[in-house]
Amino acid sequence: MTSQQKHLSSERILSIPKVDIDDLECSICRGLLWKPVACQSCETSFCSTCINQWLIDHPKHCPNRCETYIERKCPPFIAKLLAQLNMKCFYQSHGCDQVTSYEEIDKHEIECGFQPRQCSGCKSEILEKNFDNHMGTCPLIDLKCQTCKLIFKRADFNQKHTEIICLKEQIRLLQNESKEYKHEIHELNLQLDEMRIIHPKIPIIKITFNDLQGGADSVYCIPVQYRELTWTEIKKHTIILLFGKPQFILLHWKDIDKITFESSGGTAHPGSDSGLGSQVILTQITIDTFE
Ligand SMILES: [Zn+2]
Ligand SMILES: [Zn+2]
Ligand SMILES: [Zn+2]
Ligand SMILES: [Zn+2]
Ligand SMILES: [Zn+2]
């Protein structure tokens with residue numbers, strides 16, 4: 001809790017050097033003025049949060065029944081009196097003995113090491129200054145294995161996250177991932193079915209990656225253009241092959257009557273007999289649909 005959110009109790013004033021505390025009281029919350037503003041007509045000062053809250057319920061009305069509430073800065077003598085105050089820290093009851101000037105109190109309380117924070121594990125209130133230490137040792141904190149994504153309490157590490165459990169979890173994750181890919185392929189095929197209705201040329205080709213046993217790894221071997229094919233545009237796809245390197249291109253299609261390798265220029269190689277033999281060297285493959 002910072003000073004912006006609470007009402008300042010005048011009991012927290014340490015020294016009152018010739019100050020009439022009544023002048024510094026907010027007429028709404030009866031606490032010490034905090035970040036005060038004033039009504040232009042009656043010059044009464046209010047905490048800015050108090051008056052803003054009031055104006056939500058009573059738009060444009062001053063709590064002192066002035067005709068229209070117009071906000072102005074709080075009168076200089078009030079600001080001057082407030083500046084003279086020395087305040088005890090809000091967290092004094094938690095052990096903070098810091099005394100701060102009125103103007104510095106907000107800054108201190110934001111950083112005060114004695115403000116309590118709740119531990120997400122054991123739910124107990126821990127002082128800010130001890131918080132990091134506590135988080136590093138609290139047995140009820142949830143830990144997450146970055147490899148298998150399993151979440152377990154620190155105290156359960158030895159029972160709930162053994163090496164075997166971690167490996168089993170990893171397998172389960174991979175199986176799920178593979179299921180997701182299969183689903184994606186299924187969706188693609190459905191999309192393709194729809195496209196067939198609009199473009200009757202398409203029925204020649206049906207892509208199925210249904211036998212995808214290896215899960216994620218195999219999927220990455222499939223060239224991007226086949227994984228994310230935009231079926232509305234299917235007409236012609238050219239793959240440039242890498243020179244001197246084996247490449248895995250999964251073209252596991254159904255309903256194909258014939259595949260023809262056709263040479264289009266280049267040098268004839270031994271056994272390829274002008275590009276019409278049984279052996280060819282390909283530098284590029286074009287997959288095309290035709291009627
Ligand atoms: Zn107030
Ligand atoms: Zn007024
Ligand atoms: Zn403090
Ligand atoms: Zn804890
Ligand atoms: Zn793990």
Side-chain angles (χ1 to χ4, degrees), residues 1-13 16 19-85 87-91 94-95 100-106 109-110 113-144 151-161:
M1 196 200 285
T2 70
S3 311
Q4 286 135 327
Q5 299 160 310
K6 65 177 174 261
H7 299 298
L8 279 185
S9 155
S10 44
E11 279 163 23
R12 288 177 50 200
I13 303 170
I16 312 170
V19 169
D20 184 354
I21 207 76
D22 291 345
D23 290 340
L24 304 180
E25 195 184 81
C26 164
S27 61
I28 299 174
C29 71
R30 298 285 162 200
L32 189 65
L33 285 168
W34 180 247
K35 302 199 172 178
V37 291
C39 165
Q40 201 175 55
S41 319
C42 65
E43 300 212 337
T44 312
S45 299
F46 313 98
C47 311
S48 47
T49 43
C50 291
I51 188 68
N52 286 334
Q53 188 58 45
W54 164 275
L55 290 170
I56 291 171
D57 300 330
H58 313 84
K60 295 183 185 169
H61 280 79
C62 170
N64 289 343
R65 297 171 190 279
C66 304
E67 213 160 278
T68 320
Y69 174 80
I70 298 168
E71 191 170 289
R72 51 158 280 179
K73 276 185 175 175
C74 92
F77 84 96
I78 301 250
K80 223 171 156 186
L81 289 177
L82 286 170
Q84 289 177 39
L85 299 178
M87 310 284 299
K88 294 175 202 164
C89 174
F90 179 76
Y91 304 106
H94 293 98
T100 333
S101 70
Y102 178 87
E103 281 158 336
E104 295 278 304
I105 193 86
D106 202 25
E109 283 171 7
I110 288 168
F114 288 86
Q115 55 190 305
R117 270 174 80 178
Q118 197 185 47
C119 167
S120 59
C122 64
K123 307 287 176 210
S124 53
E125 297 225 310
I126 312 294
L127 297 186
E128 177 67 40
K129 67 189 177 79
N130 303 328
F131 197 74
D132 286 350
N133 246 344
H134 178 85
M135 291 300 275
T137 53
C138 177
L140 297 178
I141 287 287
D142 282 335
L143 300 179
K144 183 178 184 182
I151 295 168
F152 48 90
K153 303 247 176 269
R154 180 180 277 126
D156 297 336
F157 177 79
N158 286 329
Q159 294 91 51
K160 301 226 168 131
H161 186 259

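By convention here, the first residue in the shown sequence is residue 1. Nothing here was measured: the structure is a model prediction, and the numbers come from that model. Counting convention: from 1, in listed order, for ligands and their atoms alike.
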**Report entry** Test side chain to side chain contact (heavy atoms under 4.5 Å, CB included) applied to F46 and P63, P36, C74, the passing residue
**Finding:** P63
Query raised in the report: What is the name of the N/O/S atom in H134 that sits closest to the Zn ion (ligand 4)?
Result: NE2
Report task. Scan M135, E128, H134 and name whichever one has a side chain to side chain contact (heavy atoms under 4.5 Å, CB included) with R117. Result -> E128
Query raised in the report: Would K35 and E103 pass as an ion pair if we require N to O under 4.0 Å?
Result: no
Query raised in the report: Where the Zn ion (ligand 2) is the corner point, what angle links SG of C42 with SG of C66, to 10°?
Result: 110°
**Report entry** Metal-centred angle, the Zn ion (ligand 2) as apex - SG of C39, SG of C62, 10° resolution
**Finding:** 110°
Report summary line: Between C47 atom SG and C26 atom SG, the angle centred on the Zn ion (ligand 1) rounds (to 10°) to 100°
Query raised in the report: Is it true that R30 and E25 make a salt bridge, defined as a side-chain N closer than 4.0 Å to a carboxylate O?
Result: yes
